[in-house]
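Numbers here simply count residues along the sequence, with the first being 1.
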Amino acid sequence: MKVRKIPMRTCAVTKERCEKKDLLRIVRTPEGEVKIDLSGKLNGRGCYLKKEESVILKAQKGKFLNRALEVEVPDSIYEEALTLLSN
């Protein structure tokens, strides 16, 4: 039986390499909107955050996503990410 390759991605904050399913993808669409990508297939520039409250809060405080996505990320994105974690 063939072993499937596990997709690995790097967290923008911790620089840890994790499985893609353990990370949250944030995308800047070609129109310039910033969205949380639950499907992992949205078009645009993306970056990943670990699914931990401390990592998301650190990303907000240090403006990691602003640099990674090259656009101003609204606070509503961080709030939405935190509510997704609590569900």
Q: Please round to the nearest 0.5 Å and tell me the distance separating atom NZ of Lys51 and atom CG of Asp22.
A: 7.0 Å
(Q) Can you tell me if Lys58 has over 12 outside heavy atoms packed within less than 6.0 Å of its NZ? (A) no
Q | Contact check, side chains of Lys50 and Val13, non-hydrogen atoms, under 4.5 Å | A | no
Q.
Contact between Val27 and Val34 at the side-chain level, heavy atoms closer than 4.5 Å - yes or no?
A. no
Q: State whether the side chain of Arg25 and the backbone N or O of Lys20 hold a donor-acceptor pair below 3.5 Å, judged by distance alone.
A: no
(Q) With a 4.5 Å cut-off on side-chain heavy-atom distances among I, L, V, M, F, W and Y, is there a chain of contacts connecting Tyr48 to Leu57? (A) no
Q. Does any N or O in the side chain of Thr14 come within less than 3.5 Å of the main-chain N or O of Cys11, such that one atom is a donor and the other an acceptor?
A. no
Q. What distance do Glu52 atom CD and Leu23 atom CG have between them, rounded to the nearest 0.5 Å?
A. 10.0 Å
**Q.** Shared hydrophobic cluster, Val73 / Leu85 (ILVMFWY, side-chain heavy atoms < 4.5 Å)
**A.** yes
Q | Non-hydrogen side-chain atoms of Leu65 and Tyr78 separated by less than 4.5 Å | A | yes
Q) Does the side-chain contact (heavy atoms from CB on, under 4.5 Å) test come out yes or no for Lys35 and Thr29, once each step is laid out? A) CA-CA 8 Å; Lys35 297 182 178 182; Thr29 63; 4.2 Å; yes
Q) Do you know the tightest heavy-atom contact between Val71 and Gly32? A) CG2-O, 4.3 Å
Q.
Main chain of Gly62, side chain of Arg67: is a donor-acceptor contact present, judged purely on distance under 3.5 Å?
A. yes
Q.
Looking at Leu69, is its backbone amide N or carbonyl O close enough to the side chain of Arg28 to form a donor-acceptor pair, meaning the two atoms are under 3.5 Å apart?
A. yes
Q: Indicate yes or no for a side-chain donor-acceptor contact from Arg9 to the backbone of Lys21 under 3.5 Å, with no hydrogens or angles considered.
A: no
(Q) For the backbone of Leu42 and the side chain of Asp37, can you confirm whether one donor and one acceptor N or O come within less than 3.5 Å of each other? (A) yes
Q. Do Val55 and Met8 belong to the same hydrophobic cluster, where Ile, Leu, Val, Met, Phe, Trp and Tyr are linked whenever their side-chain heavy atoms lie under 4.5 Å apart, directly or via other members?
A. no
**Q.** Gap between atom CD of Glu79 and atom CD1 of Ile56 - 0.5 Å precision
**A.** 11.5 Å
Q. Closest approach of Leu49 and Ala12, non-hydrogen atoms and distance?
A. CD2-CB, 4.4 Å
Q | Side-chain heavy atoms of Gln60 within contact of Asp75, under 4.5 Å | A | yes
Q. CD1/Ile77 to CD1/Ile36 distance, rounded to the nearest 0.5 angstrom?
A. 5.5 Å
